[in-house]
Peer 1: 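I'd like to ask some things about the structure below.
Read the numbers this way: they start at 1 and go in the same order the structure lists the ligands and their atoms. Note that the structure is predicted; figures quoted are calculated from it, not measured.
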Amino acid sequence: MKVLSFGSLNYDHVYEMDHFTEPKETQSSLSYTKNYGGKGLNQSIALVKAGLDVYHAGRVGNDGQELIDYLNQYHVNTDYLFKDDNSATGHAIIEICKGQNRIILHGGANQLIDEKQIDDVLSHFEKGDVLLIQNEISCLSYLINSAHDKEMIIVFNSAPMNEKVFTYPLDKIDIFIVNEIEAAGLIKYDGNDIDEIIKGIKEEFFDKMIIMTIGEKGSYYLYKDGLIHQDAYKVEAVDTTAAGDTFTGFFIASYLKDKDIKKALDLASKASSITVQGVGAARSIPDIKDLS
Ligand code: RIB
């Protein structure tokens, strides 16, 4: 079984702020760092740091070699990562303040993924292989349909949540990994009552495996009549960027290895509690060796 992470790669421009910038306000940042990110890249890094071999497919622009080198440094297979000399790599502008963040995304090359690239990449994968995706690249419906036709196992982290998600063939997804806001979005529920969200998810996605994180309140596994809750590890958050990506990568890696949901939830919670204690995305993701 091979694992294919087909997703975004970004340069993250991270500004530490005194407060989030208001409309009409100009303020200086307290610090600036340029990091490697994108939900796809972060999740690939989390998968390898959790001990899994992974292929990363996606698209960077003419300035994207650093991101490819970074993945290679962690032994992510980048054979199916396409460098497009006519475009620019995706980037994110991230304000962080008191443990919270605010992100502006510019898709760049991530939004130029097309059917041809998908056909080329998927020709190297087969029935039973795992496809991990997020909502930051183009052509996702085609990717989901093609992977489903090949009988791959499809894991969808529906982040960032937006209207486009409802245009995808969600019935072909096997495992959803969401936070409570994304879960509420999936069932078109406006409130924040966790019990209502769980009830709605169970009704609408009864036969899907759902992993839902709810920040400091931990995480849930929901499948048919089953429900497992995992407490969060309590830590002081400095920057929550990539916490969800860490959770996703560690959960999937652990679950594929041991098929033990409780163990996977615990490991993923522990790993993401470490990520939030550092500034930056991929670089804050811990190695499995540091979790014992
Ligand atoms: O999940 C965090 C990521 O979201 C950042 O690295 C940023 O690039 C955006 O894609």
Peer 1: For residues 50-61, which side-chain donor-acceptor pairs fall under 3.5 Å, sequence neighbours excluded?
Peer 2:
unit_1: His56; atom_1: ND1; unit_2: Ser44; atom_2: OG; d: 2.6
unit_1: His56; atom_1: NE2; unit_2: Gly7; atom_2: O; d: 3.0
unit_1: Arg59; atom_1: NE; unit_2: Gln117; atom_2: OE1; d: 3.0
unit_1: Arg59; atom_1: NH1; unit_2: Asp84; atom_2: OD2; d: 3.0
unit_1: Arg59; atom_1: NH2; unit_2: Gln117; atom_2: OE1; d: 3.1

Peer 1: Counting the benzene-type ring for Trp, do Phe250 and Tyr255 have ring centres under 6.0 Å apart?
Peer 2: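 Between Tyr255 and Phe250, which both carry aromatic rings, the centre distance is not below 6.0 Å.
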Peer 1: Determine, for Tyr11 and Lys34, whether the Lys NZ or Arg CZ falls below 6.0 Å from the six-membered ring centre while staying within 45 degrees of the axis.
Peer 2: yes
Peer 1: I'd like to know whether the aromatic ring centres of His229 and Tyr220 sit less than 6.0 Å apart in this structure.
Peer 2: yes
Peer 1: Please tabulate protein-ligand N/O pairs under 3.5 Å for ligand 1, atom names and distances to 0.1 Å.
Peer 2:
unit_1: ligand 1; atom_1: 1 (O); unit_2: Lys39; atom_2: NZ; d: 2.8
unit_1: ligand 1; atom_1: 1 (O); unit_2: Asp245; atom_2: OD2; d: 2.7
unit_1: ligand 1; atom_1: 4 (O); unit_2: Lys39; atom_2: NZ; d: 3.2
unit_1: ligand 1; atom_1: 6 (O); unit_2: Asp12; atom_2: OD2; d: 2.6
unit_1: ligand 1; atom_1: 6 (O); unit_2: Gly38; atom_2: N; d: 3.0
unit_1: ligand 1; atom_1: 6 (O); unit_2: Asn42; atom_2: ND2; d: 3.1
unit_1: ligand 1; atom_1: 8 (O); unit_2: Asn10; atom_2: ND2; d: 2.9
unit_1: ligand 1; atom_1: 8 (O); unit_2: Asp12; atom_2: OD1; d: 2.6
unit_1: ligand 1; atom_1: 8 (O); unit_2: Gly38; atom_2: N; d: 2.9
unit_1: ligand 1; atom_1: 10 (O); unit_2: Asn10; atom_2: ND2; d: 3.2
unit_1: ligand 1; atom_1: 10 (O); unit_2: Glu136; atom_2: OE1; d: 3.0
unit_1: ligand 1; atom_1: 10 (O); unit_2: Glu136; atom_2: OE2; d: 2.8

Peer 1: Leu132, Leu4: one ILVMFWY side-chain cluster at the under-4.5 Å cut-off?
Peer 2: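 Different hydrophobic clusters.
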Peer 1: Report the relative orientation of the aromatic rings in Phe156 and Tyr168; use parallel for angles under 30°, tilted for 30 to 60°, perpendicular for over 60°.
Peer 2: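 Aromatic pair Phe156/Tyr168 classed perpendicular.
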